Amino acid sequence: MSYKVNILGVKVDKVGIDEATDKIFKMLEENKTHSVFTPNSEIILNAYKDKEFCGILNSADLLTADGIGVVYASRILHDPIPERCAGYDVACKLIDRISETGHRLYLLGGKPGVAETAKKNLEKKYPFIQIVGARDGYFKEEQTQDIINDINCVGADIVFVCLGAPKQEIWIYNNRDKLDARVLMGIGGSLDVFAGIVERAPDLVCRMGLEWLYRLIKEPWRFKRMLALPKFGLIVLFKGRKYKGDADNG
Ligand code: UDP
């Protein structure tokens, strides 16, 4: 059985939400820092055009399919990913579990105030959760060392790095060796959702694979970014097979 599918050079794990959560939980027990990225069609398309970014994505310990476009791509390649595995959904499952186990979570990203509001909302919902830090994602390069010191000092086990792609993946890649946390997850706009600033599409819309349409209606200025989806589909259709054989399955 193969564990990954190579989509235009990006080796995506064929896992659903529960399996991804279990894998991350195991990472928490291992004595090293792991990275988890959640690429969507737009991110894979960027990696297709940028080999260095592609290498950064493939350096992750887990790459989940954040977007129905990636799931469809795996089906086009006859090597299906079981379901969409969005970073936000995995984050929710993880939060559920760590609120019982006491693992320490750090929230990094979003506009000033967003991470703090997300922290407050999560603490209200999960009274026993241990959120040991929250700070915004609009910092200067020279502040990175302070942030790393803070994350290490408070003993975070998991860091949600929500700086948008490709900034979050590059930040994690460049700094993972300096961080003591066991898991660094790049999960885009998730803090905006936890803070209640952005509304997530209803479950039924997500299950129908129409979250992109919901977002387009709610955030029409994303139109240009969303053009990546049909472009991605066409490239997978015509060039996808060339990459398919090389997926580093173990
Ligand atoms: N962001 C950030 N620092 C930056 C640029 C972006 O913290 O320098 C945050 C932004 O505020 C937003 C998130 O990164 O919360 C990106 O959200 P988007 O919806 O674009 O991400 P997606 O989930 O689509 O990748």
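Counting starts at 1 for both ligands and their atoms, in listed order. Here the structure is a predicted model, which means the values were calculated and not measured.
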- cation_pi(Lys167, Phe139) dist<6.0 Å, angle<=45: yes

- Can you name the side chain to side chain contact (heavy atoms under 4.5 Å, CB included) partners of Lys140, sequence neighbours left out? Glu142, Gln143

- Task: Apply side chain to side chain contact (heavy atoms under 4.5 Å, CB included) to Arg222 and list each qualifying residue two or more places apart in sequence or on a separate chain.
- Result: Arg215, Glu219, Arg225, Met226

Return a table of N or O atom pairs, ligand 1 on one side and protein on the other, at distances under 3.5 Å, rounded to 0.1 Å.
from: ligand 1; atom 1: 1 (N); to: Tyr138; atom 2: OH; distance (Å): 3.3
from: ligand 1; atom 1: 3 (N); to: Gly137; atom 2: O; distance (Å): 2.8
from: ligand 1; atom 1: 7 (O); to: Gly110; atom 2: N; distance (Å): 2.9
from: ligand 1; atom 1: 7 (O); to: Cys162; atom 2: O; distance (Å): 3.3
from: ligand 1; atom 1: 8 (O); to: Lys167; atom 2: NZ; distance (Å): 2.6
from: ligand 1; atom 1: 11 (O); to: Tyr138; atom 2: OH; distance (Å): 3.0
from: ligand 1; atom 1: 14 (O); to: Cys162; atom 2: O; distance (Å): 3.3
from: ligand 1; atom 1: 14 (O); to: Gly164; atom 2: N; distance (Å): 3.2
from: ligand 1; atom 1: 15 (O); to: Asp192; atom 2: OD1; distance (Å): 3.4
from: ligand 1; atom 1: 15 (O); to: Asp192; atom 2: OD2; distance (Å): 2.6
from: ligand 1; atom 1: 19 (O); to: Arg215; atom 2: NH2; distance (Å): 3.3
from: ligand 1; atom 1: 19 (O); to: Arg222; atom 2: NH1; distance (Å): 3.4
from: ligand 1; atom 1: 20 (O); to: Arg225; atom 2: NH1; distance (Å): 3.2
from: ligand 1; atom 1: 21 (O); to: Gly189; atom 2: N; distance (Å): 3.4
from: ligand 1; atom 1: 23 (O); to: Gly189; atom 2: N; distance (Å): 2.9
from: ligand 1; atom 1: 24 (O); to: Arg222; atom 2: NH2; distance (Å): 3.0
from: ligand 1; atom 1: 24 (O); to: Arg225; atom 2: NH2; distance (Å): 3.4

- Message: Taking side chain to side chain contact (heavy atoms under 4.5 Å, CB included) as the criterion, tell me which of Val36, Val5, Leu62 meets it with Asp13.
- Response: Leu62

- Under 4.5 Å side-chain linkage, directly or through intermediates, the cluster mates of Trp221: none

- Message: Is it the case that atom NZ in Lys51 sees more than 12 heavy atoms from other parts of the structure closer than 6.0 Å?
- Response: yes

